[in-house]
Amino acid sequence: MNILETKQLTKRFGGLVAVNEVSMHVEEGEIVGLIGPNGAGKTTLLNAIAGLNPPTSGRVFLAGKETTGLPPDRMCRLGLSRTFQIPNPFPKMTVLETVNCATIFGNRKGAVSDVAAHSRKMLAFVEFPMPADTVSEQLNTVQLKRLDLARALASKPRLLFLDEVASGLSEGELTDIMAVIRKIRESGVTILMVEHIMQLIMNLCDRLVCIQFGTKIAEGPTQEVARDPKVTEAYLGAEADQCTAE
Amino acid sequence: MSDRFIRWCRSAAGVTILLSILLAVIATIDRGPYILVNTAITGGMLALVAVGLALLLGVMNVASFVHGEYFMIGTLVAYYVFTPLQNFLNTNPSPLLAMVAPLIAILAAAVAGAAAGALTEIMVFAPMRRRSRENWVMNSFLLTVGLAVLLINGHLLIFGADFKGIVRYWAGAPVTIMDVFISRDRLFAFLLSIIVILAFWVFMKTTRTGRAIRAVSQDETGSLMVGINLSAILIFTMALGCSLAAVAGASLLFLYPSYPTVGLEALYMAWFIVILVGLGNIIGALTGGFMVALLKVLTVEYIGSGWDFVVPTALIILVLIFKPSGIFGSEVRGVLDQ
Amino acid sequence: MNAFDKLLRQLNLTPAGVLGLAVLAVLPFIPPFNQEYLIRWLIAAALIAAGAIAFDFTAGFINIVNFGFYAILGLGGYTSAILSVNVGLTPWIGVFIGAAAAGVLGFLTGLLTLRLRGIFAAVMAWFVGLALMGLATKMVWLTRGPLGLRTPRLFDTASNIPYYYLILLLMLVTYIICSRVVASKVGIAFKAIGQNMDAAKTSGINPTYYRIINFTLSCTLAGLLGGFYAHYYGILTPDIMHTSKTVEVLAVAYIGGRGSLWGGAAIAFPFILAMELVRSGLSNLPGLNLILYGLLLILVMIYYPGGFAKFFDAYIRHPKNRALNYFLNGASVRT
Ligand SMILES: Nc1ncnc2c1ncn2[C@@H]1O[C@H](COP(=O)(O)OP(=O)(O)OP(=O)(O)O)[C@@H](O)[C@H]1O
Ligand SMILES: [Mg+2]
C-alpha cells in the first residue's frame, strides 16, 4: 500500500518554482531516498507535504486519505514526523522536555501513559549520548540532530522524513546512524530521507527519487537511478558549475 | 505590456493604489483640492520616516521603537538652530540669510540625525551584536524601547516639556496653485520630500554603498563573503535612516513644535505604513506614506479629528486579516534589485 | 513532605516567596511605610508587579510582547467604571465583567495576530491598543474623554490599607493562576511555540489554539487589574491606555527576568519605590526616574537579557547549605 502519494505537487515562492509538479509515492515499509543537487527543492518538497509551507497546487495523500494543505500538527497526529535539516529544537528546554513535547502533543490523549518513560525510551533508541537534563542550547550540531530524531520518533510516526540527518558526521558516526535508521525501519516506520552522502543512500534506500530545479527527473530502484545518466549529469553539472564559480 | 498592467491592477497593490487615487479624486471634487495638497505634504514626510524604518528592518533586522525619537531630534535641532538665526534676522534684516536660514536648520537636523543614528549603532547595537545574536529581533526591539524612554525623558529633563515651535520658516504670501493657497512652508516641505525621495532612490540604485546596503538586506552572510564591510554598512544605514526621520521632523517644525513625545505619532504612522505595505519593503513604504496620509486626511475631513487614530487602525487590521504579508506582499519587494 | 511543603508546591511558592509575601503584608505597619503616601506607592508597585506577572505570561512564554497590554487593562477598567456609573452596578461585580470584556478582546487580538510572527504580533497588539485609546478619548458621551470618568471606589474609607491588601491578593492570585498553567501541559506547549514555532508545529502542537488561550487568560487578568485601578484611583482617563504604561510593565517584566513570572514581581517593589523616591526627591529634574528606567532596560538587554531571574538561578538559587537551599527552593520532589 502507498503510505504517501503526491500528485503534481507544486510550490512557488513568488516567481520561483521551487517544486514543480512532482508526483511520487512511498510504499509502506520502504526506505526511499530523495536526492538532488543543492537548492533542488528537496526540503521544500518535504515542507509542502508536511504542511509547514503548504503547496501552491497539487495533492497529497497519506495512507490513502487526502491531506493536502493540512497544518503540520494535524499531519503529526496523523502519523507523519520529520526532522529538520538545521535542527534547533527548543533551545531553553532540557533534552527530556524537548522529547516530552512530542510525546505529549504528538500522540492521541492517553495513548502514552508514562510520558517521561516514553521519552527516555526514545532517547535511548537513538543512542543519545548526553544526560537527559542537558539544556538543548549546550548541544553541538551532531547531538542536536540526534535529539531532533528522538523528538520526531516520540510521536510514534508511521512515516518519517529525515532531512540530511547524516551530514557532518564522521565515518564512525555514519555507521552508527545507519544502524539507528535500520532499527527505525525494523520497528515498522516507513522512511523518506533526503541525503547527499552516497554511501548512506546506496546502503539504506530501496528506491530513489531524484529532483533537479524542482522537477522530478528520475525515480526507481536505487541501483537504477544511481546509474541513470540524467542523475549523474544533474550532480556532475552542479559540481561543474561550482567549480567554475570557484 | 497592457497584459501586465491589467495583472498589476488586479493585485492587492494595484487595487489599493487605484482605490486610493480614486478616493483622492472623489474627495478633491467633493471638498476641494486642499485635500490633495494636505495628503501630498503629510505623505511625503511620512514616507521619509517610514523608509528609514523599513531600511532598519530590512538591513539591520531591527524593529525600531525609537525611530520617532530621531524625528524628535530633528525638530529640536531645527528649532535651536533656526530661532537664533531668526532673532538675528529681526535685528539685522538680510534677504539672503532669510533665504538660507531654514535650509541651514534642516541641514543641521539632518546631520544631527545621522550622528545620533551612527552613535546608536556604535554604542548600543554593535555591543549587543557582539555579545549575542540569540533572540536578536526581540532583544533589539526591547532595546529600542529602552532607548525611546531614555531619549523622550532626556528631552524632558534638558529642554523641558513646553512646546518649542516656530511660526513659519519662510515669510511671504502663500502661493496659489489650482485656486488653493499653500503656505510657502508647506510647499517647501513637499518639494523637499520629493527631492529627498528621489535622491535616496538614485543613491540606492546607482552608488556602490547603496548596492552594498541592498546586498546586506538580502543576504548578510553572502555579502560578507563578497567583501562588504558589514559594520561600516550597518553604521551608515542607521545614520541614513535616522537622518531621513530627522529631516522630516525639521521640515515639519512649523506644524509640529518640538516637545518630548512629538515623535510618537511619527513612529506609529511609520509602523502603520510598514506593516500595511509589507515588512522591509522600501518602495512600498514610499507609496504607503501617501496612502496612509490620504487615509488620515480623509478621516479628519469626513469623520473628525481624533478619529485619525481609530479609522486607519481599523482599516489596517482589516487589511492584515486578508493579507498578513501586507498589501504589496512580494510583488513589489525587490523592485530596487531589478 | 509535610502539609506545608505540599501546599507550597501546589501554589508554586517557595519558603522565600512566602517570607517575601509576609514582609509585604506587615509592611504598612512598619515605619516609615505606615504613612499613607508610602502605602500608595506600595499599591502602585503591587499593581505593576501583578501586571508584570500577567505580561510575562505572554512575553516570557509564547515570546510575544503584548504592546496593547495597558489598553486592554484599561478596557477592563472602563467597562467596570461605566457599568457602575451608568447602570449603578456594584464595582464588586463590575470588575469581573470588565475582566471578561478584556478577555474577549484578548481573544480577538490573539486571533488577529495569529498569522504574524513575534515582533509583528507585538506591533499589531500595539495598534489595537492605540485604536482603543482613540476610542476612549473620542467617545466622550460614554467615557467623558480626557476630562476623566469619576468612579465609585471599592471601599468606603479614606484609608489605603484595604486597597493594599486587595491588590496583594490579586497579585498572588495572578501568580498562582499563571504559574499553575505554566507548570501544566499547556505551559509546555507555550514554551515550545515561543522557542521554535516550526519544531512545535511538527511535534503536534497547534499554535493557534495555545496562542489564543494564552492571550485570553493574560488579558482577562489584565482586565481584572484594570477594574482595581478604576475603583482605586476613583478617576479614569484614557491615559491609562497609553503606550508608556505598557512600557513600564514591560521594563519591569524583562528586567525581572522573562519566563520566570516571579522575577518582575520581585523587583517591582524595590524598583517602583526607588523610582518614586527619585521622582519626588528630585522633582526639579523631571523625567530622571524614567531615564534610569530606559537606561536599565538597555543595559539589561545588552549585557544580561535573562534579567534578574536568570542571575538568581545562576548564582543564588542553589547554595550548598541545605537549610538555605530549602528556603530558596522548597522541599525537593521526593515522593
Ligand atoms: N521560504 C522561502 N522563500 C523563498 N524561497 C525559498 C524559500 N525556501 C526555499 N526557497 C528556495 O527554494 C529553492 C529550493 O530550496 P530547498 O531548501 O528546498 O533546496 P534543497 O534541495 O533542500 O537544498 P539543500 O540540499 O541545500 O538543502 C532554493 O532556490 C531556495 O532559495
Ligand atoms: Mg534542504
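Looking at A:Phe84, only its side chain comes within 4.5 Å of chain C, counting heavy atoms on both sides. If you measure heavy-atom distances from C:Tyr210 to chain A, the contacts under 4.5 Å come from the side chain alone.
Remark: C:Arg317 CZ is packed, more than 12 non-hydrogen atoms of other residues, nucleotides or ligands lying under 6.0 Å away. Heavy-atom neighbours of A:Lys183 NZ from other residues, nucleotides or ligands within 6.0 Å: above the threshold of 12. Atom OH of C:Tyr209 is surrounded by 12 or fewer heavy atoms from other residues, nucleotides or ligands within 6.0 Å. Atom CZ of A:Arg12 has 12 or fewer heavy atoms from other residues, nucleotides or ligands within 6.0 Å. More than 12 heavy atoms of other residues, nucleotides or ligands sit less than 6.0 Å from atom CG of C:Leu21.
Interatomic distance, C:Gln195 CD to A:Met93 CE, rounded to the nearest 0.5 Å: 4.5 Å. With rounding to the nearest 0.5 angstrom, the OG1 atom of C:Thr202 is 6.0 Å from the CG atom of A:Leu52. Atom OG of residue C:Ser203 and atom CZ of residue A:Arg82 lie 11.0 Å apart, to the nearest 0.5 angstrom.
Residues of residues 57-75 of chain A that come within less than 4.5 angstrom of chain C, heavy atom to heavy atom, are A:Pro72, A:Asp73 in numerical order.
Counting all heavy atoms, side chain and backbone alike, C:Ala192 lies closest to A:Cys101 at CB-SG, 3.9 Å. Of all heavy-atom pairs between C:Gly204 and A:Cys76, the closest is N-SG, 3.5 Å. When all heavy atoms are compared, the tightest approach of A:Phe105 to C:Ala189 is CZ-CB, 3.5 Å.
With C:Ile188 as the partner, the side chain to side chain contact (heavy atoms under 4.5 Å, CB included) test is satisfied by one option alone out of A:Val115, A:Thr98, A:Ile104: A:Ile104.
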